[in-house]
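What follows is one structure encoded as structure tokens, with my remarks underneath.
A quick note: this is a predicted structure, and the numbers were derived from the prediction, not measured. Just so you know, ligand 1 is whichever comes first in the structure, and atom 1 is the first atom listed for that ligand. Counting begins at 1 with the first residue of the sequence.
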Amino acid sequence: MAVDFKSSETKDNLMRAFAGESQARNRYTFAAGVAKQQKQQAIGQVFIFTADQEKEHAEIFYNHLKELAGENIHIDGAYPVDLTDDLAKLLRMAQHNEYEEHDDVYKNFGDKAKEEGFMKVANSFYMIAEIEKFHGDRFGKFAEYLEQNKLFISDVKTGWICLNCGYIYEGEKAPEICPVCEHDQGYFIRLELSPFAEGGK
Ligand SMILES: [Fe+2]
Ligand SMILES: [Fe+2]
């Protein structure tokens, strides 16, 4: 059943999604600050990398509201208080929120948009829902490494890249200090988990 956009639930859901993405971007930026304070630079970059993508999601949802330019949209919603200095917990909280968007929120928003006749909006919800699954998986992976004390230790020989200077080390353990730029271990990340890894391992 086609619905007038102005009286649709979809315009509310778009504003909810815009609010959610905007907050996620800030939460991840704050979390990156916590990571940096704890000298976990690579985890900080994982949060920043994701925060930048949440900004793009926010923009995509916001742009769907163009027709209502100049108006206000009143929404309600529940948003998480993800405050802790425990990095593993911050990663787990982020993972939880990403999965909630993927499994529940954006799928429902997509279905509603489809039902109301806004296919383009529905596609944005469905496609971004899939991205949030990857976000959740990535946060979960880093949480697991931290929890198991394996962030810089691997069971098998692997590549480690220093995110500061690009030095690549092959071994079971990331160097404690980068031999090239002398930045500390927190800059190292498994090569296959770094953005732009050439082929990975
Ligand atoms: Fe997002
Ligand atoms: Fe996300």
Side-chain angles (χ1 to χ4, degrees), residues 8-36 40-66 68 73 75-114 116 118-147 151 163 189-190 192-197 200:
S8 69
E9 269 184 53
T10 292
K11 63 133 186 10
D12 297 337
N13 290 338
L14 282 167
M15 189 53 102
R16 285 190 183 103
F18 177 64
E21 295 289 345
S22 303
Q23 292 188 26
R25 180 201 192 188
N26 268 343
R27 283 197 309 273
Y28 297 164
T29 307
F30 303 153
V34 174
K36 276 180 206 154
Q40 295 286 8
Q41 307 287 345
I43 290 184
Q45 290 199 29
V46 170
F47 274 116
I48 293 295
F49 182 70
T50 315
D52 288 344
Q53 293 171 1
E54 307 303 5
K55 188 200 92 178
E56 295 305 315
H57 299 175
E59 191 172 11
I60 290 162
F61 293 135
Y62 201 45
N63 279 335
H64 280 305
L65 289 167
K66 243 177 211 147
L68 299 177
I73 297 173
I75 51 156
D76 56 18
Y79 300 98
V81 185
D82 289 353
L83 286 170
T84 171
D85 284 334
D86 183 326
L87 259 191
K89 275 194 190 137
L90 278 175
L91 287 161
R92 287 293 183 199
M93 287 164 162
Q95 178 192 27
H96 170 85
N97 296 325
E98 296 285 353
Y99 283 165
E100 205 167 57
E101 284 175 345
H102 169 264
D103 297 339
D104 178 22
V105 182
Y106 288 169
K107 287 212 170 128
N108 290 333
F109 287 179
D111 290 347
K112 180 49 83 177
K114 202 166 154 187
E116 291 184 329
F118 307 110
M119 265 328 289
K120 238 186 128 189
V121 175
N123 283 334
S124 294
F125 280 127
Y126 291 143
M127 287 192 286
I128 289 174
E130 291 309 311
I131 297 169
E132 310 302 14
K133 169 80 166 58
F134 283 109
H135 285 177
D137 290 347
R138 189 189 300 128
F139 284 134
K141 188 172 266 186
F142 280 93
E144 206 176 297
Y145 285 141
L146 255 189
E147 289 159 359
L151 196 57
L163 289 176
I189 191 170
R190 280 169 171 75
E192 81 260 19
L193 292 179
S194 72
F196 318 118

### Task
Using side-chain hydrogen bond (donor to acceptor under 3.5 Å, both in side chains) as the criterion, list what pairs up with Lys89, not counting sequence neighbours.
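Listed in chain order: nothing, the list is empty.
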### Task
Apply the side chain to side chain contact (heavy atoms under 4.5 Å, CB included) test between Phe109 and each candidate in Asn13, Thr10, Asp12; give the one that qualifies.
Asn13
### Query
Just by distance, do the side chain of Glu147 and the backbone of Ala88 share a donor-acceptor pair under 3.5 Å?
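No; judged by distance alone, with no hydrogens or angles, the pair does not exist.
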### Query
Does Tyr126 reach the main-chain N or O of Asp111 with its side chain, forming a donor-acceptor pair under 3.5 Å?
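Such a contact is found between Tyr126 side chain and Asp111 backbone.
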Check: residues 75-84 side-chain donor-acceptor pairs under 3.5 Å, at least two apart:
{"unit_1": "Asp76", "atom_1": "OD1", "unit_2": "Arg16", "atom_2": "NH2", "d": "3.3"}
{"unit_1": "Asp82", "atom_1": "OD2", "unit_2": "Asn97", "atom_2": "ND2", "d": "2.7"}
{"unit_1": "Thr84", "atom_1": "OG1", "unit_2": "Asp86", "atom_2": "N", "d": "3.0"}

#### Entry: the Fe ion (ligand 2) neighbourhood, protein N/O/S only, threshold under 2.8 Å
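Listed by chain and number: Glu54 OE2, Glu98 OE1, Glu98 OE2, Glu132 OE1, His135 ND1.
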### Message
Suppose we screen for side-chain contact (heavy atoms from CB on, under 4.5 Å). Which residues come up paired with Phe49, at least two apart in sequence or across chains?
### Response
Gln53, Arg138, Pro195
